Amino acid sequence: VYRNSAEVVNRGIDLTLSGTLIDRAVTWDATLQFSYNKNKVTDLNYTPTINAVFQGSPLTGQPVGYIAVNRYGGLDEYGDPTFLYEDGGEPQSYLDLDMLTIDDLKFVGRTEPPVFGSLTSSLRWRDFTLSLMVNYKFGHKMRLPSPIPMMFGLKTEWYSEQYRWVEGQDNSDKWVPKHSTALFQDINRTNCLIRSDKLIDNADMIQLKSISLEYDFSRLLNKIKIRGGTLRVSGENLGYWVANDWKLNPDQVSYTAYD
């Protein structure tokens with residue numbers, strides 16, 4: 001059964017600037033699109049559970065798509081994960097993760113960018129046209145892929161010994177818990193890391209969405225009574241800049257425990 005369960009206030013602006021920057025032998029047209037959106041849940045007619053909050057269920061005072069996490073405390077001397085009740089606090093065993101309340105969580109941002117838009121540009125010279133589109137997104141966060149073993153024993157790259165605690169090695173910089181052979185993993189042990197601030201990073205990005213070069217044969221074809229034709233070479237998603245430490249494309253990251 002679906003019902004209206006929350007009230008949301010949205011504030012935003014959409015702006016488009018376009019013009020011809022050069023109009024001579026070479027013509028240069030450009031369009032900048034800019035959008036800003038800010039929202040907040042102002043009323044809720046139910047009480048969410050902490051698990052629902054971890055999954056981004058609406059919460060009064062928070063934006064749509066907020067990210068709530070527990071504070072990661074690193075690994076203990078046995079290679080098991082710990083958490084903190086507050087920044088700089090004493091590490092707590094993952095066994096006590098169920099003791100956390102919503103008030104103990106850390107709200108680190110939102111998954112949807114408050115600032116986004118695009119820049120399109122077109123250069124024309126004689127019968128040639130060079131076009132490109134650049135997209136940008138700023139002000140949001142992303143959850144990083146889980147380093148926990150995937151289903152059927154498959155492992156992610158972050159489950160390598162470079163990041164995972166291994167007995168007998170120097171584990172001072174490790175942050176992934178030691179390998180467990182248990183058939184059924186303790187859900188608190190898994191959640192202690194994958195729901196933590198350790199797996200949050202900046203999602204700002206600028207992407208070269210497309211670029212194309214086109215030649216218009218119309219003038220040539222008209223001489224032989226053909227109305228027109230063009231030849232176009234193009235590419236999509238050719239490159240991007242990102243702000244996160246791992247150089248991951250936020251649009252292509254999946255973070256669930258079994259991805």
Side-chain angles (χ1 to χ4, degrees), residues 48-57 59 62-63 65-112 139-151 154-182 184-204 242-250 253-259:
T49 65
I50 189 171
N51 283 331
V53 172
F54 271 125
Q55 296 170 9
S57 181
L59 188 64
Q62 294 296 328
Y66 67 84
I67 300 178
V69 297
N70 58 266
R71 297 167 175 84
Y72 194 54
L75 304 175
D76 63 18
E77 59 182 310
Y78 304 106
D80 289 318
T82 66
F83 70 94
L84 309 174
Y85 277 108
E86 58 185 17
D87 292 332
E90 189 71 21
Q92 308 292 318
S93 169
Y94 72 88
L95 296 172
D96 296 325
L97 194 66
D98 286 337
M99 301 297 292
L100 286 175
T101 68
I102 293 177
D103 292 336
D104 296 319
L105 301 183
K106 184 177 180 180
F107 294 86
V108 295
R110 51 189 281 190
T111 57
E112 296 297 324
H140 58 313
K141 303 290 185 179
M142 68 174 182
R143 291 185 184 270
L144 297 172
S146 169
I148 304 303
M150 296 184 295
M151 293 181 68
L154 299 177
K155 308 295 192 298
T156 66
E157 179 182 353
W158 285 356
Y159 203 67
S160 69
E161 294 184 2
Q162 180 180 355
Y163 308 107
R164 177 168 51 86
W165 191 96
V166 179
E167 188 173 2
Q169 294 188 6
D170 179 6
N171 295 302
S172 56
D173 294 327
K174 306 290 184 67
W175 53 274
V176 177
K178 67 181 179 183
H179 178 67
S180 173
T181 58
F184 298 103
Q185 300 294 322
D186 187 316
I187 191 63
N188 282 351
R189 190 175 188 273
T190 299
N191 287 342
C192 191
L193 173 57
I194 69 171
R195 288 183 170 182
S196 76
D197 53 2
K198 181 65 178 179
L199 293 181
I200 301 297
D201 211 330
N202 194 327
D204 291 352
V242 292
N244 67 79
D245 293 334
W246 304 92
K247 307 308 176 187
L248 299 173
N249 185 338
V253 168
S254 182
Y255 58 86
T256 61
Y258 299 108
D259 284 336

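Worth saying up front: this structure is predicted, and the values here are computed from it rather than measured. Throughout, residue positions are numbered sequentially from 1 according to the sequence presented.
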*Asks:* Under the side chain to side chain contact (heavy atoms under 4.5 Å, CB included) rule, collect the residues that match up with L84, sequence neighbours excluded.
*Replies:*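 For L84, the residues satisfying side chain to side chain contact (heavy atoms under 4.5 Å, CB included) (neighbours in sequence not counted) are R71, P91.
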*Asks:* Take L199 and L193, measure what side chain to side chain contact (heavy atoms under 4.5 Å, CB included) needs, and give me the verdict at the end.
*Replies:* CA-CA 7 Å; L199 293 181; L193 173 57; 4.2 Å; yes
*Asks:* With side chain to side chain contact (heavy atoms under 4.5 Å, CB included) as the criterion, how do D87 and K106 come out once you've worked through the C-alpha distance, each side chain's angles and the decisive distance to 0.1 Å?
*Replies:* CA-CA 9 Å; D87 292 332; K106 184 177 180 180; 3.7 Å; yes
*Asks:* Please list, chain by chain and in numerical order, all residues satisfying side-chain hydrogen bond (donor to acceptor under 3.5 Å, both in side chains) with T82, sequence neighbours excluded.
*Replies:*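 In terms of side-chain hydrogen bond (donor to acceptor under 3.5 Å, both in side chains), with neighbours along the sequence ignored, T82 is linked to no residue.
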*Asks:* Do other residues, nucleotides or ligands put more than 12 heavy atoms under 6.0 Å from D173 CG?
*Replies:*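 No, CG of D173 has 12 or fewer neighbouring heavy atoms, counting only those of other groups under 6.0 Å.
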*Asks:* So, for V176 and P147, which heavy atoms are closest and what is the spacing to 0.1 Å?
*Replies:*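 Heavy atoms only, the tightest pair is CG2-CB, 3.9 Å.
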*Asks:* Measuring only between side-chain heavy atoms, which start at C-beta, is I200 closer than 4.5 Å to L144?
*Replies:*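 Of all side-chain heavy-atom pairs linking L144 with I200, none is under 4.5 Å.
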*Asks:* Would you check if F54 and I67 make a side-chain contact, meaning some heavy-atom pair closer than 4.5 Å?
*Replies:*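 In short, these two side chains do not touch, never coming nearer than 4.5 Å.
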*Asks:* Please list all pairs meeting salt bridge (charged side-chain N to carboxylate O under 4.0 Å, His left out) that have one or both residues in residues 184-195, counting only residues at least two apart or in different chains.
*Replies:*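 Counting only pairs at least two positions apart or across chains, the salt bridge (charged side-chain N to carboxylate O under 4.0 Å, His left out) contacts touching residues 184-195 are D80-R189.
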*Asks:* What distance separates L95 CG from C192 SG, expressed to the nearest 0.5 Å?
*Replies:*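 Reported value, rounded in 0.5 Å steps: 9.5 Å.
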*Asks:* What's the separation between atom CD1 in I102 and atom OG1 in T49, rounded to the nearest 0.5 Å?
*Replies:*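 Those atoms lie 7.0 Å apart.
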*Asks:* Enter the distance from R110:CZ to H140:NE2 here, rounded to the nearest 0.5 Å.
*Replies:*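 It is 9.5 Å, given to the nearest 0.5 Å.
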*Asks:* Check whether more than 12 heavy atoms from other residues, nucleotides or ligands sit under 6.0 Å from atom CD of E167, and answer yes or no.
*Replies:*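 No, because the 6.0 Å sphere around CD of E167 holds 12 heavy atoms or fewer from other groups.
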*Asks:* Measure from the side-chain N and O atoms of D201 to the backbone N and O of D245, and report whether any donor-acceptor pair falls under 3.5 Å.
*Replies:*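 Flag set: sc D201 to bb D245 pair under 3.5 Å.
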*Asks:* Could you check L97 against L100 for side chain to side chain contact (heavy atoms under 4.5 Å, CB included), going step by step and ending with a plain yes or no?
*Replies:* CA-CA 6 Å; L97 194 66; L100 286 175; 3.5 Å; yes
*Asks:* Within this structure, what is the OG-CH2 distance for the pair S196 and W175, rounded to the nearest 0.5 Å?
*Replies:*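 With rounding to 0.5 Å, OG (S196) is 8.5 Å from CH2 (W175).
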*Asks:* Using only atom types and a distance under 3.5 Å, with no angle test, would you say the side chain of K174 pairs donor to acceptor with the backbone of E161?
*Replies:*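 Yes; at least one donor-acceptor contact below 3.5 Å.
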*Asks:* State, yes or no, whether a side-chain contact exists between V253 and R143 at a heavy-atom distance under 4.5 Å.
*Replies:*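 Heavy-atom side-chain distance check fails, nothing below 4.5 Å.
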*Asks:* Please evaluate residues M99 and Y85 with respect to the criterion side chain to side chain contact (heavy atoms under 4.5 Å, CB included), reporting the C-alpha separation (whole Å), side-chain torsions for both, the decisive distance (0.1 Å), and the verdict.
*Replies:* CA-CA 10 Å; M99 301 297 292; Y85 277 108; 3.3 Å; yes
*Asks:* Rounded to the nearest 0.5 Å, what separates atom CG in L105 from atom OH in Y66?
*Replies:*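 Reported value, rounded in 0.5 Å steps: 8.5 Å.
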*Asks:* Got a sec, which residues hit salt bridge (Lys or Arg N to Asp or Glu O under 4.0 Å) with R164, two or more places apart in sequence or on another chain?
*Replies:*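 Per chain and number, R164 pairs via salt bridge (Lys or Arg N to Asp or Glu O under 4.0 Å) with no residue.
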*Asks:* Of all heavy-atom pairs between S146 and I194, which one has the smallest distance, and what is that distance?
*Replies:*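 Between these two residues, the closest heavy atoms are OG-CG2, 3.2 Å.
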*Asks:* Could you tell me the separation between the OH atom of Y72 and the CZ atom of F83, rounded to the nearest 0.5 Å?
*Replies:*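 Answer rounded to 0.5 Å: 12.5 Å.
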*Asks:* Applying side chain to side chain donor-acceptor pair (under 3.5 Å) as the test, list every pair that has at least one member in residues 88-101; sequence neighbours left out.
*Replies:*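 Residue pairs passing side chain to side chain donor-acceptor pair (under 3.5 Å), neighbours aside: D98-N188, T101-D104.
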*Asks:* How would you list, by chain and number, every residue that makes a salt bridge (Lys or Arg N to Asp or Glu O under 4.0 Å) with K178, sequence neighbours excluded?
*Replies:*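 With sequence neighbours excluded, K178 shows a salt bridge (Lys or Arg N to Asp or Glu O under 4.0 Å) to no residue whatsoever.
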